[in-house]
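To start, the structure under review is shown below, and the notes come after it.
No hydrogens, no waters, no symmetry mates; every other heavy atom, side chains included, goes into these values. Labels below follow one simple rule: chain letters A, B, ... track the order of the sequence lines, proteins then strands, and each chain is numbered from 1. Since the model is a prediction, treat every value here as computed from it, not as a measurement.
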Amino acid sequence: MAITLKINGTPHEVDVDGDIPLLWVLRDVLGMTGTKFGCGQALCGACTVHLDGQPVRSCQTPVDSVGDSAITTIEAIGKTPQGAALQKVWLELEVVQCGYCQSGQIMSAAALLKDTPKPTDDDIDAAMSGNVCRCGTYQRIRAAIKHAAGV
Amino acid sequence: MDELVLKEQIADETEMSRRAFLQGTGLLLGFALTGASTESVFAAPASQVVENEVTGAFAPNGFIRINPTGAVTLVIPMIEMGQGVYTSLSMLLAEELEVKLDQIQVQHAPPNHALYVNSIIGIQNTGGSASVRAFWTPLRQAGAVGRNLLIAAAAKRWNVDPATCRAKDGVVFDASGSKHLRYGELAKAAAKLPVPPAANVKLKDPKDFTLIGTRAKRVDSSIKVDGRALYGIDTRLPGMKVAAVAISPVLGGKAKTVDEKAALAVKGVRQVVNIDETVAVVADHTGAAKKGLEAAAITWDDGPNGKVSNADIVKQLEEESKKPGAVARNVGDVGKALAEAAQRVDAIYQVPFLAHAAMEPMNCTVHLQKDRCDIWVGTQAPTITQSQVAELTGLPKDAIKIHNHLIGGGFGRRLEADGTILAVKIAKHVDGPVKVIWSREEDIQHDMYRPYYLDRLSAGLDAAGKPVAWTHRIAGSSVMARYYPPYVKDGLDPDAIEAAAEPPYALPNIHVDFVRVEPRGVRTSWWRGVGPTHNVFVVESFIDELAHAAKQDPVAYRKGLLGHNPRALAVLLLAAEKAGWGSPLPARHGCGISVQFAYGSYTSQVAEVEVAADGSVKVKRIVCAIDCGMYVNPDTIEAQVQGGTLFGLTAALHGSITFKDGRVEQSNFDSYLPMRIDEVPVVETHLIRNAEAPGGIGEAPTAIVSAAVTNAIFAATGKRLRSLPIDMDSLKSSS
Ligand code: FES
Ligand code: FES
């Protein structure tokens, strides 16, 4: 079934079953590998993308449920003010280790800052606790979000 | 004024060589943001990690490639999996080569034992916290060889004595500073000069280091914040198929029934491959492959391990550990000292099987052809992987091309080639390249686990409370005996006893032995260290028990036993001081301490915990003092202390893999729990600076943290925890 997806401002047509998770359409069908697979069960946040600015787990998002929503991925989050600010601070504070979880971390953090420009620690906990980092970069993630938000 | 001119020249030349280098290597410019509408938009720096092999006009050794364009590529012998090794090893090279870190790009080394062996491990393996330790001297020598040759080439062109020239930021200057040549301009000429033996070149005095010891920026960060970094799982090749796999839930089992027809009916599914122990559904994309695998509704024949259970494994350890094992250390007369002691303390400690659960699930892409086999994977063990694939395919080793990748967390899991071997077995049945991806459930349930250990300890104290006798028997799997048998002599696995055979304390009579017990139906392996991850928990808990039996403060007691060991004493005292040891705490709060010497580094941690009435444990703060000798990048060390501590703490609080009916009972992050941002304590690092030989850092904080936490729980509740993970039910307040 042909489905048209609006990804990072560009329409893409794909021909897959409607119940295929958006994650695999992005990664395998369209070759946008910045969005990561970690658990497949909405437990780790590695696959986080934005649908109309809201963070969703693409591993649990059937591609036919996306409809007309605008999809934003890590490859383009730097075009938003929040994404750009976070990426810059991420480098300043040397947040990354293996880096595998970081696409998802930045996507969740960008959504947080869009809705809550001055987050508290509790806001950060609530927005970011769905994102697992096995390298344990949480301390720097928290510092970086605060830094980007100027709090 | 001269100096000012010189500085400007350098800046100018550097910019030029940088531009030349960027132009010369189109690969670096793989991603540029277009359509940027505001100034605040982040412009991604070019990638410094190159995937394709770079050959250089000037290649004086295995590590340096310099092109006439000015591109400086450093070939890094150890793989980057988050520990920062692409940066720290580049710093060693760049310090002596006299290039700035932003003038270089890095490339994964191909398998080549002769060029890239890790001298501590004896294999081209990334592990054992051994990268900086092993390459501290060789990479500086390699850099100095390169610099000497480039200077010699410039001196020859100018017809001056090389001793009058100097190099800085990729440029050679003559004595006056008026003449200069960029490395790129010298590459061809330098390549024609005879290469001096590495051992003969003079290295910088550490006091002249300008890069080593600084908080230099990681070379792999920029590509990890915008999705450009390529891990093995991101491999894409023309005509590539993707395979989802189901591995027999019981080790040694086989698929009994597979509904191939149903699998093939799924849109995008191309093929079902049924080999020993594993069924693979091959499709156009992972989504179809997974759907096909589900449709295949596989049933299993469990084979001989269908009854394996944790209870039986523990029972076996209890029995076997009653018998003496291979002696790791025997000093004095423990039997006599124990018999004559004023007080005796006995304990049994246990630690569970642990999975790695790295964020990047197991995966491997293979293209098997008649005369060659290409493999795209992130591996910590490229030469071992190459040999095993050669054996499996019957192809010569040099026909096995390992394209190594950044790893999304290794922790020892990628020291094993099992994922690659499985992928090659599947690829034998597939026409063209195939990427094999494990689900998270497969990754956790078919891991090779940190072994379950059971330890028996006894100590005798004299009237003053000092330990006069110490016996420690370790029983469990020997990873080394399987992985690298030559290192196991007379049944003694040097890893399994690390940090137990030589506790840091003065122990006049000590006996330590190891009983190898291999659990049936369970594969064991490395796990961010192995021996110390369990031994430090045991030794540091038991010494805490002795302090309590002696009615002494845990820090004071340890201090009294470390008079002969100044570096261990120094980290103990530093951690205690920075943590404010001894300050009064509210009820059910407590501080615990631990000390370790492992991986060549001295570490001490203080944990502060709060135990709620319902038994739940909140770790509020971790203070870590570390002496790892001369170090390369303090920022990387702090990052490793933070991350390594959380890796160990996660295991202490939540980590346990258990078996029932031959099957692993945990499957995903809802049953094998990772720590999350709302649960983690702040970790403080206090680094001791000295001129001792470099020590390892990646595994030390993982090994030390659990004892600090359980000792803190003892301080808070009076309850001694002798097994992990922490049993919170046992900590409920009775009041
Ligand atoms: S892969 Fe989607 S949440 Fe883990
Ligand atoms: S940086 Fe490795 S999992 Fe987060």
Problem set entry | Separation between SG of A/C101 and NZ of B/K224, rounded to the nearest 0.5 Å | 10.0 Å
Seminar exercise, completed: Nearest heavy-atom approach of A/G99 to B/Y231 is C-OH, 3.1 Å
Exercise. Out of curiosity, A/D125 CG to B/D678 CG, how far, rounded to the nearest 0.5 Å?
Worked result: 5.0 Å
Problem set entry | Proximity breakdown for B/T645 and chain A, heavy-atom pairs closer than 4.5 Å | neither
Seminar exercise, completed: So CD of A/Q97 and OG of B/S221: to nearest 0.5 Å the spacing works out to 10.0 Å
Exercise. Hey, what do you get for CD1 (B/I677) to CD (A/Q105), rounding to the nearest 0.5 Å?
Worked result: 7.0 Å
For this session: Kindly say whether B/R218 contributes a backbone atom to a donor-acceptor pair with the side chain of A/E94 at under 3.5 angstrom?
Result: yes
For this session: Report yes if some heavy atom in the side chain of B/M359 is under 4.5 Å from a heavy atom in the side chain of A/C44; otherwise report no.
Result: yes
Seminar exercise, completed: For B/G408 and A/C98, the nearest pair of non-hydrogen atoms, with its separation, is C-SG, 3.5 Å
Problem set entry | Reported CE-to-CZ distance for the pair B/M675 and A/R134, which is rounded to 0.5 angstrom | 11.0 Å
Exercise. Which bit of B/K217 is near chain A, if near means a heavy-atom gap under 4.5 Å: side chain, backbone, both or neither?
Worked result: both
For this session: Please check if the side chain of B/N668 supplies one atom and the backbone of A/C39 the other of a donor-acceptor pair under 3.5 Å.
Result: yes
Exercise. Between CG of A/L43 and CZ of B/R676, what distance do you get to the nearest 0.5 Å?
Worked result: 6.5 Å
Seminar exercise, completed: Tightest non-hydrogen contact, residues B/P361 and A/G38, listed as CG-O, 3.9 Å
For this session: For residues B/K291 and A/I20, determine if any side-chain heavy atom of one lies less than 4.5 Å from a side-chain heavy atom of the other.
Result: yes
Exercise. Less than 4.0 Å between a side-chain N and a carboxylate O, is that true for B/K267 and A/D19?
Worked result: no
Exercise. B/L230 versus chain A, heavy atoms under 4.5 Å apart: side chain, backbone, both or neither?
Worked result: side chain
Seminar exercise, completed: Okay, B/L649 and chain A: the region with an atom under 4.5 Å from a heavy atom over there is neither
Problem set entry | Top contributor to chain A contacts, counting heavy-atom pairs under 4.5 Å, from B/K290, B/Q83, B/R236 | B/R236
Exercise. Quick one: of B/G644, B/A288, B/A357, who has the most non-hydrogen atom pairs under 4.5 Å with chain A?
Worked result: B/A357
For this session: Considering only heavy atoms and a distance below 4.5 Å, find which of B/N363, B/D220, B/T286 pairs most often with chain A.
Result: B/T286
For this session: Measure B/F669 against the heavy atoms of chain A and call it side chain, backbone, both or neither at under 4.5 Å.
Result: both
Exercise. Between B/W438 and A/F37, which heavy-atom pair has the shortest distance, and what is it?
Worked result: O-CE2, 3.5 Å
For this session: Measure distances from B/E442 to the heavy atoms of chain A and classify the residue's part below 4.5 Å as side chain, backbone, both or neither.
Result: neither
Exercise. Side chain, backbone, both or neither: which part of A/D121 has an atom under 4.5 Å from a heavy atom of chain B?
Worked result: neither
For this session: State whether the number of non-hydrogen atoms from other residues, nucleotides or ligands found under 6.0 Å of A/Q41 atom CD is greater than 12.
Result: yes
For this session: Select one option (side chain, backbone, both, neither) describing which atoms of B/A639 are under 4.5 Å from chain A's heavy atoms.
Result: both
Seminar exercise, completed: So, the part of B/L406 with a heavy atom under 4.5 Å from chain A: the answer is neither
Problem set entry | A/S129 portion near chain B, given a 4.5 angstrom heavy-atom threshold | both
Exercise. Based on non-hydrogen pairs under 4.5 Å, which of A/T73, A/I74, A/D15 is most in contact with chain B?
Worked result: A/I74
Problem set entry | Close side-chain approach of B/D226 to A/E75, heavy-atom, < 4.5 Å | no
Problem set entry | A/I77 portion near chain B, given a 4.5 angstrom heavy-atom threshold | neither
Problem set entry | chain A contacts, top residue of B/E679, B/M81, B/E80 (heavy-atom pairs, under 4.5 Å) | B/M81
Problem set entry | Worked verdict on A/R142 versus B/V680 for side-chain contact (heavy atoms from CB on, under 4.5 Å) | CA-CA 11 Å; A/R142 182 184 299 279; B/V680 299; 5.6 Å; no
Problem set entry | pair B/S222-A/W90: side-chain heavy atoms closer than 4.5 Å | no
Exercise. Going by atom types only, do B/Q642 and A/T137 share a side-chain donor-acceptor pair under 3.5 Å?
Worked result: no
Problem set entry | Heavy-atom proximity to chain A below 4.5 Å, by part of B/E441 | side chain
Problem set entry | Segment of A/V25 engaging chain B (4.5 angstrom heavy-atom cut-off) | neither
Exercise. Checking side-chain contact (heavy atoms from CB on, under 4.5 Å) for the pair A/W24/B/V242: CA distance, chi angles, key distance, verdict?
Worked result: CA-CA 11 Å; A/W24 303 115; B/V242 183; over 6 Å; no
For this session: Please tell me if the side chains of A/R27 and B/I233 come closer than 4.5 Å, counting only heavy atoms from C-beta onward.
Result: yes
For this session: Apply side-chain contact (heavy atoms from CB on, under 4.5 Å) to the pair A/K88 and B/V225, showing each step before the final yes or no.
Result: CA-CA 9 Å; A/K88 191 160 156 281; B/V225 300; over 6 Å; no
